[in-house]
Amino acid sequence: MAKNRKRQYWLFKSEPSAYSIDDLVSDKTTYWDGVRNYQVRNMLRDDIQVGDRVLFYHSNAKPMAIVGTAKVVKPGYPDHTAFDPNDKHYDRKSDPDNPTWFMVDVSIIQKFDSPVTRDDLKADTVASGMAVMRKGSRLSIVPVTEEEWQAIHQLTGTKDPR
DNA sequence: GCCAACGTTGGC
DNA sequence: GCCAACGTTGGC
């Protein structure tokens, strides 16, 4: 990792039925497996670095919302679930000697006392412009600006522990 | 449940 | 290489 690289911010989507903020609270740290989209793969492999911050977003949920924050503790490395025929995300074309898919490790920072719902996001001048709010946004990881990161903390009345 | 917005697959 | 068919994501 390059020295003095500025911390970057991301939003990770997860369906809570698959993996929720409560799962991360109890696990403390997890590997973010199962990404099978090349654009998102490139972010995991090339762009997301240790120390980067993550907004944890519940998709396909009631309510759909940003539910907490996490930090990246391990940079991109091969997603081993792609090699496991019994895994839901098995990909027979991913070669262990030249892996197709990557993941990172993230650790919980905090679960928000009250989630920031899509309606909350829509109502906020800054947050309404987030990439996740764009119509047809289907990438499971999208970049977040520092301004957006701060706006979310303002909405929750929480601090970003530095 | 519906459907828009993609990404992937496979025939040609 | 083109493109129609199909599958998936995910908000509404």
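Chain letters run A, B, ... following the sequence lines, proteins first and then strands; every chain starts at 1.
Residues forming a side-chain contact (heavy atoms from CB on, under 4.5 Å) with A:D124 (at least two apart in sequence, or on another chain): A:V126, A:A127, A:A151, A:L155. Annotation: salt bridge (Lys or Arg N to Asp or Glu O under 4.0 Å) contacts of A:R36 (sequence neighbours excluded): A:D79. Residues satisfying the side-chain contact (heavy atoms from CB on, under 4.5 Å) criterion with A:T145, sequence neighbours excluded, are A:E147, A:E148. Checked against side-chain contact (heavy atoms from CB on, under 4.5 Å), A:A123 has no partners two or more places apart in sequence or in another chain.
Think of A:W101 as one node in a network of Ile, Leu, Val, Met, Phe, Trp and Tyr side chains linked at under 4.5 Å; its network also takes in A:Y38.
Between the side chains of A:W10 and A:D52, at least one donor-acceptor pair of N or O atoms lies under 3.5 Å.
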Identify each atom pair where a protein N or O and an N or O of nucleotides 1-3 of chain C are less than 3.5 Å apart, giving names and distance.
none

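Counting only residues at least two apart or on different chains, the side-chain hydrogen bond (donor to acceptor under 3.5 Å, both in side chains) pairs with a member in residues 59-72 of chain A are A:E15-A:N60. The ring-ring contact (aromatic ring centres under 6.0 Å, His included) analysis of residues 121-144 of chain A, with sequence neighbours excluded, yields no pairs. Evaluation of the ring-ring contact (aromatic ring centres under 6.0 Å, His included) test over residues 63-93 of chain A, restricted to residues two or more places apart or in two chains, returns A:Y31-A:H80.
Taking the C1' atoms of five terminal pairs at each end of the helix from B:dG1-C:dC12 to B:dC12-C:dG1, the two resulting helix axes are inclined by 10°, rounded to 10°.
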Practice prompt. Scan nucleotides 7-12 of chain C nucleotide by nucleotide, 5' to 3', and note B when protein non-hydrogen atoms come under 4.0 Å of the base, S if they reach only the sugar-phosphate, - if neither.
Written response: -BBBBS

Side-chain donor/acceptor pairs under 3.5 Å, residues 20-28 of chain A, sequence neighbours excluded:
| from | atom 1 | to | atom 2 | distance (Å) |
| --- | --- | --- | --- | --- |
| A:S20 | OG | A:D22 | N | 3.2 |
| A:S20 | OG | A:D23 | N | 3.3 |
| A:S20 | OG | A:D23 | OD2 | 3.4 |
| A:D22 | OD1 | A:K111 | NZ | 2.8 |
| A:D23 | OD2 | A:S20 | N | 2.9 |
| A:S26 | OG | A:D22 | O | 3.3 |
| A:S26 | OG | A:D23 | O | 3.1 |
| A:D27 | OD2 | A:Y19 | OH | 2.6 |

